[in-house]
Q: 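Pasting a structure below so you can have a look.
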There are 2 protein chains.
Amino acid sequence: MTIRQVSEKYGISQDTLRYYEKMGMIPPVTRTAGGIRDYQESDLGWVELAICLRNAGMSVEAMVEYVRLHRQGDSTMRARLELLQKQRQAIVERRERIDHALERLDHKIHIYEEAVENGELTWGQNCSKENGGK
Amino acid sequence: MTIRQVSEKYGISQDTLRYYEKMGMIPPVTRTAGGIRDYQESDLGWVELAICLRNAGMSVEAMVEYVRLHRQGDSTMRARLELLQKQRQAIVERRERIDHALERLDHKIHIYEEAVENGELTWGQNCSKENGGK
DNA sequence: CCTTGACTTGGAGTGGACTTAAAGAAGTAT
DNA sequence: ATACTTCTTTAAGTCCACTCCAAGTCAAGG
């Protein structure tokens, strides 16, 4: 699979794919005799993982470290496990913050919906209180 | 409340608080006669809202727009409601991506835990398959 | 052989969100 | 009053994660 096809498959730019590889976020991609990237299944697996974890806000740096350990073989398994657990924790915290914001936003939206329905004017003095929830 | 106290209360730097205000992410903060920031309850409400929504990944730009509308009064209520709904949607999508990554991460962690328990070596050939679990 | 177009590289540029620096004014302790 | 701390401002700097560019290479069609 060419870089163009991979780029289209995952909706990510070719530049970004090259960037991921250059940084070491994924191991070196398989090449043709002429040196052109020819993504194999395993390469795609890494690309998918990278996209997935980046989507969750994991840093490039952490991914690079994970790949570095991975390439050093079985002896780094424990270290990799710890890295993943730590990242998991960070992601869980991110989700908690998102949930918190969503609750707040939903509350606000609810108030606005009522206000808009009731003629947009029944709110006046409350307006200054803004963000009163909780 | 001084900027220092607010900074400590929310674990955010004084610089960031001034930055938020300068950008218009929060309305102008109350000042003393000498021009020094003296945060009132309502100012704190805005700060909290800003921190909360930034934590969820909402952009500075969107918050600025919201505040801008808010300061224009009741006539912008519908526009604000739409803005909030749109942001809500974006945040929900962010959470979905996070959930997806968490599932994947948990699967991976599970595999690593087993491998580490079983003596760190029972994995060998599987290693190349990496990320196989959908 | 020559052109076209997709690929290669290294390196510079961009955008968002802070963060730091520099210079000066105001409130507080002695 | 003098010194110290904490505030003020504007402007420049930093960090991250891309994103774009210039110059060059390679395979296929005419």
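Computed over heavy atoms, backbone and side chain alike; hydrogens, waters and symmetry mates excluded. Each chain gets a letter, A, B and so on, in the order its sequence line appears, and its residues count up from 1. This one's a predicted model, so the numbers in the text were calculated from it and none came from an experiment.
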Q: Counting only side-chain N and O atoms of A:Arg37, is one of them less than 4.0 Å from OP1 or OP2 of C:dC7?
A: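 It does not, given that no N or O in the side chain of A:Arg37 lies less than 4.0 Å from OP1 or OP2 of C:dC7.
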Q: Can you hop from A:Val6 to A:Ile36 via hydrophobic side chains spaced under 4.5 Å?
A: no
Q: Only distances under 3.5 Å count here; give the side-chain donor-acceptor pairs of residues 52-59 of chain A to other protein atoms, sequence neighbours excluded, each with its distance to 0.1 Å.
A:
from	atom 1	to	atom 2	distance (Å)
A:Arg54	NH1	A:Met58	O	2.5
A:Asn55	ND2	A:Ile51	O	3.4
A:Ser59	OG	A:Ala62	N	3.0

Q: As an exercise, state the distance from CZ of B:Arg80 to OG of B:Ser75, rounded to the nearest 0.5 Å.
A: 8.0 Å
Q: Could you state the interatomic distance from OH (B:Tyr39) to CD1 (B:Ile26), rounded to the nearest 0.5 Å?
A: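 With rounding to 0.5 Å, OH (B:Tyr39) is 5.5 Å from CD1 (B:Ile26).
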Q: Yes or no on salt bridge (Lys or Arg N to Asp or Glu O under 4.0 Å) for B:Arg31 and B:Asp38, after CA distance, side-chain angles and deciding distance?
A: CA-CA 5 Å; B:Arg31 305 291 180 117; B:Asp38 180 23; over 6 Å; no
Q: Can a salt bridge be assigned to the pair B:Arg95 and A:Asp99 using a cut-off of 4.0 Å between side-chain N and carboxylate O?
A: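 Yes, this pair counts.
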Q: What are the bounds, 5' to 3', of the part of DNA chain D that sits under 4.0 Å from heavy atoms of chain B?
A: D:dC7 to D:dT10
Q: Given side chains that start at C-beta, do those of A:Leu44 and A:Tyr10 come closer than 4.5 Å, heavy atoms only?
A: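 Of all side-chain heavy-atom pairs linking A:Tyr10 with A:Leu44, at least one is under 4.5 Å.
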Q: What string of B, S and - do you get for nucleotides 13-30 of chain C 5' to 3' if you count protein non-hydrogen atoms under 4.0 Å?
A: ----BBBB------S---
Q: Would you mind reading off the distance between A:Arg18 atom CZ and C:dT9 atom P, rounded to a whole angstrom?
A: 7 Å
Q: Among A:Ile111, A:Leu105, A:Asp106, which residue satisfies the side-chain contact (heavy atoms from CB on, under 4.5 Å) criterion with B:Leu84?
A: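 Only match with B:Leu84 under side-chain contact (heavy atoms from CB on, under 4.5 Å): A:Leu105.
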